[in-house]
Protein chains: 2
Amino acid sequence: MAKTAVKNKVRRKDRILDTAEALFARMGFVGVSMRMVAEGAQVDLALASYHFGNKRGLFDAVLARRSDIINEKRLEALRDCISSAGAAGPELEAIVDAFIQPLLGVGLEKDAGWRHYMELIALVNSSHELGGQAMTQFFDPLVNEFIQALKKALPGAAEEDIYWSHHFFSGALTLTLAQTGRLDNLSSGKVKSNDLEAAYRRMVPFVTAGFKALCKPEKG
Amino acid sequence: MAKTAVKNKVRRKDRILDTAEALFARMGFVGVSMRMVAEGAQVDLALASYHFGNKRGLFDAVLARRSDIINEKRLEALRDCISSAGAAGPELEAIVDAFIQPLLGVGLEKDAGWRHYMELIALVNSSHELGGQAMTQFFDPLVNEFIQALKKALPGAAEEDIYWSHHFFSGALTLTLAQTGRLDNLSSGKVKSNDLEAAYRRMVPFVTAGFKALCKPEKG
DNA sequence: GTCTATACCGTGATAGAC
DNA sequence: GTCTATCACGGTATAGAC
């Protein structure tokens, strides 16, 4: 039937995206071949090029698919904490929470697709080549919304201090998303780098205190 | 002369390392070919394999060369702040400073070689593939020294909290080392991601406050 | 939309001359 | 130590049948 054909078509396209996501996360853009993607997705080699134009088009499609989803959730969380706060705006801690809760606090890491996506974001954010381009494109429209809320919650703070604080926040978050296991080695197994719930609980107070210490009202 | 021959030999080996460092930093391990390294170093293709065994050997040699240098400086800074402190040990802030000052506070970014190396470390630390392996190998012996000092400066704190705090610290630091320009875009040019001195000044109070907020003495 | 087949080029590695 | 030459393989991309 037509229904089945359409369903099948979608399935293949999504299978290609899923496979590419997992491979890009583990081996980076250049480390992945179109052959590997096709094989993993159990699809013909030419099909990925047909759907996404070329390898870079596939890569961007992988990034865009879940950034749309996650940014919507984060924006919703931000709007929620703004609307439930008074006229003075939400507390700093609530803003910090809204930024990471949709990523770290909902068990996404149990889903293999999301886990691969998180690893990929970690890689991209720290890449001198892609970090200033792809992250700006896919995430910074959302980050700007958070920056506005942070400015309100930190009255009198220098803009530069807010941007740097958010940068440190971003570094802590994305390294966490990478789940490299380094922390397991370092702590002789006492801490698990894939325990995102534990990271989430601790990142909120850590980062909130950092913002408060750095973003004090300007003198004069 | 023999002198010149040896000098030339060393020069070539170092040229290979310098070129590989720059290329690995920008394109990652798989993104770089031995041919690109040879061409950049103006050296024959087979020479890199001769000196370093294979591509992975070259990569490890690149990582090891400067990690030895930088870790020695950091250890020296740590020992200095320990010996100038009293029996109670150094302040938390001094330990945090010792960890990043040799990297961020001495103008290393003006040297192209060091800049490439910093970009490379950023990439490796966030890589699910390499982060839990190469970083453990090349940096964690040093990190363990710092963890010991942190434990003394944060009496009664849970070990897990100290490890997580250091992890957030590491994320903030390595994203800074990447110098991706994302911060420039986000702030409309008000903040420059390659201004490591500005990052250094701000990271110390940010991270110190984070440690203090998270690593409080355990109850009961 | 899907697949077969293939063009064409770059890859890491090494054997062997000098 | 250095270089030439070469191997066997895997890379992206696409033309064209169905």
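Throughout, protein chains are lettered first and strands after them, A, B, ... in sequence-line order, and every chain is numbered starting at 1. Hydrogens, waters and symmetry mates play no part in the numbers below; they use all other heavy atoms, side chains included. Every value quoted in this text rests on a predicted model; they were computed, and no experiment measured them.
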> Quick check, are the ring centers of His166(B) and Phe99(B) under 6.0 angstrom apart?
Replying inline: yes

> Going by number, which of residues 17-31 of chain A have a non-hydrogen atom under 4.0 Å from DNA chain C?
Replying inline: none

> Nearest-Å distance, CG (Asp44(A)) to P (dT6(C))?
Replying inline: 14 Å

> When you measure from the side chain of Leu47(B), which nucleotide among dT4(D), dT2(D), dC3(C) comes out closest?
Replying inline: dT2(D)

>> Without decimals, in angstroms, what is the distance between Asp14(A) CG and dG1(C) C1'?
In response: 15 Å

>> Going by side-chain hydrogen bond (donor to acceptor under 3.5 Å, both in side chains), name the pairs with one or both residues in residues 172-181 of chain B, residues two or more places apart or in two chains.
In response: His167(A)-Thr176(B), Asn125(B)-Thr174(B)

> Heavy-atom distance under 4.5 Å between the side chains of Arg56(B) and Phe29(B), does that happen here?
Replying inline: yes

> Of the candidate nucleotides dT11(C), dG11(D), dC3(C), which contains the atom at the shortest distance from the side chain of Met36(A)?
Replying inline: dG11(D)

>> Tell me the interatomic distance from Arg11(B), atom CZ, to dG1(D), atom P, rounded to whole angstroms.
In response: 16 Å

> Listed by chain and number, what are the side-chain contact (heavy atoms from CB on, under 4.5 Å) partners of Asp44(B), not counting sequence neighbours?
Replying inline: Ala46(B)

> Touch check for Val32(B), heavy atoms < 4.0 angstrom, all strands: base, sugar-phosphate only, or nothing?
Replying inline: sugar-phosphate

> What residues, two or more places apart in sequence or in another chain, satisfy side-chain contact (heavy atoms from CB on, under 4.5 Å) together with Glu197(A)?
Replying inline: Asp195(A), Tyr200(A), Arg201(A)

> Starting at NE2 of His51(A) and ending at P of dC3(C), how long is that distance when rounded to a whole Å?
Replying inline: 9 Å

> So with a 6.0 Å cut-off around CD of Gln148(A), is the heavy-atom count from everything else above 12?
Replying inline: yes

>> Counting only heavy atoms not in Glu39(A) (residues, nucleotides, ligands), do more than 12 fall under 6.0 Å from its CD?
In response: no

>> If the threshold is 4.0 Å, N to carboxylate O, is there a salt bridge linking Arg74(A) and Glu145(A)?
In response: no

> In the 5'-to-3' direction, what one-character label does each nucleotide of nucleotides 13-18 of chain C receive under the scheme B = base within less than 4.0 Å of a protein heavy atom, S = sugar-phosphate only, - = no such atom?
Replying inline: BB----

>> Under 4.0 Å from OP1 or OP2 of dT2(D): is there any side-chain N or O of Arg12(B) that close?
In response: yes

> In Å and rounded to the nearest 0.5 Å, what is the CD to SG distance from Glu93(B) to Cys81(B)?
Replying inline: 11.0 Å

>> Strictly below 4.0 Å, N to O, side chains only: are Arg66(B) and Glu21(B) in salt-bridge contact?
In response: yes

> If you fit an axis to the five pairs at each end of the helix from dG1(C)-dC18(D) to dC18(C)-dG1(D), how big is the angle between those two axes, to 10 degrees?
Replying inline: 10°

>> Take a 6.0 Å sphere around NZ of Lys190(B) and say whether it holds more than 12 heavy atoms from other residues, nucleotides or ligands.
In response: yes

>> Is the phosphate of dG11(D) approached by Ser33(A) (side-chain N or O, under 4.0 Å from OP1 or OP2)?
In response: yes

